Amino acid sequence: EAQVTQNPRYLITVTGKKLTVTCSQNMNHEYMSWYRQDPGLGLRQIYYSMNVEVTDKGDVPEGYKVSRKEKRNFPLILESPSPNQTSLYFCASSLSGTYNEQFFGPGTRLTVL
Amino acid sequence: ILNVEQSPQSLHVQEGDSTNFTCSFPSSNFYALHWYRWETAKSPEALFVMTLNGDEKKKGRISATLNTKEGYSYLYIKGSQPEDSATYLCAFIDSGGYQKVTFGIGTKLQVIP
């Protein structure tokens, strides 16, 4: 089944404790992206990647890192999480950029205490 | 950060009514516009990808039009059904943004049986 998977789905952590949210797709998509969703602010793009080893900042990259060492994986790293990073996070992928529809993962609900 | 606006923010209609909502975006540097449907507790799902001025797309009872010169897109739902209840998101990609995606906040539609 073609899909985008994220892990974990739910995470409660404390300020400053490094964490990684994994994202993987099995559709051989080139474009992958991370979004956060906050009430009243909608989906905001954190980082995106056009292909392996090619990443770029979205609108809200501060406090996050990403890497794209393999085509299928695009992990999101929070090196020192803070409470303002409490949010619902979505990973998405598309075949070859934004002329194609994005397929979204199930979301990761992160709470930073 | 680009300004992508959706109106109205929420909408209640009776089953069988037809409805439409608007996505407004910067009229310069257009690259692509996406529409997504987002049901509660699920992930956004793509409806349409629109890339050319004058584009019209249709999927069942849902259709969309695009005017890049004036910077807007309309989404129409004909004969609304309760299962159409969801938040409808538009996402704008500008040609100078290297495939960066900016979402609107969405229009929340509730169809009353």
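A, B, ... follow the sequence lines: proteins, then strands. Residue 1 opens every chain. All figures in this text were calculated on a predicted structure; none of them were measured in a lab.
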For [X], which atoms come within 4.5 Å of any heavy atom of chain B: side chain, backbone, both, or neither?
X       : result
F103(A) : neither
Y31(A)  : side chain
F90(A)  : side chain

- Message: More than 12 heavy atoms of other residues, nucleotides or ligands under 6.0 Å from CG of L113(A): yes or no?
- Response: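 It does: L113(A) CG has more than 12 such atoms within range.
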- Message: Taking side chain as everything from C-beta outward and backbone as N, CA, C, O, which of these in V49(B) sits under 4.5 Å from a heavy atom of chain A? Side chain, backbone, both or neither.
- Response: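 It is the side chain, since no backbone atom gets that close.
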Using 0.5 Å steps for rounding, measure from the [atom1] atom of [X] to the [atom2] atom of [Y].
X      : Y       : atom1 : atom2 : answer
S94(A) : H34(B)  : OG    : NE2   : 7.0 Å
E45(B) : Q102(A) : CD    : CD    : 13.5 Å
D59(A) : T102(B) : CG    : OG1   : 4.5 Å

- Task: Not counting sequence neighbours, which residues clear side chain to side chain contact (heavy atoms under 4.5 Å, CB included) with E70(B)? List them please.
- Result: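 For E70(B) the side chain to side chain contact (heavy atoms under 4.5 Å, CB included) partners, ignoring immediate neighbours, are N67(B), Y72(B).
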- So do L43(A) and W38(B) actually touch side chain to side chain, heavy atoms under 4.5 Å?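 Yes; the side chains approach each other to less than 4.5 Å.
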- Any side-chain heavy-atom pair of Y48(A) and V101(B) under 4.5 Å: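 Answer no - side chains too far apart.
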- Task: Using a heavy-atom cutoff of under 4.5 Å, enumerate the residues of residues 12-20 of chain B that contact chain A, numbered in order, or state 'none'.
- Result: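 Listed by number: none.
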- Counting distance only, does the side-chain N/O of T98(A) pair as donor-acceptor with the main-chain N or O of Q99(B) below 3.5 Å?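 Checked: no pair found.
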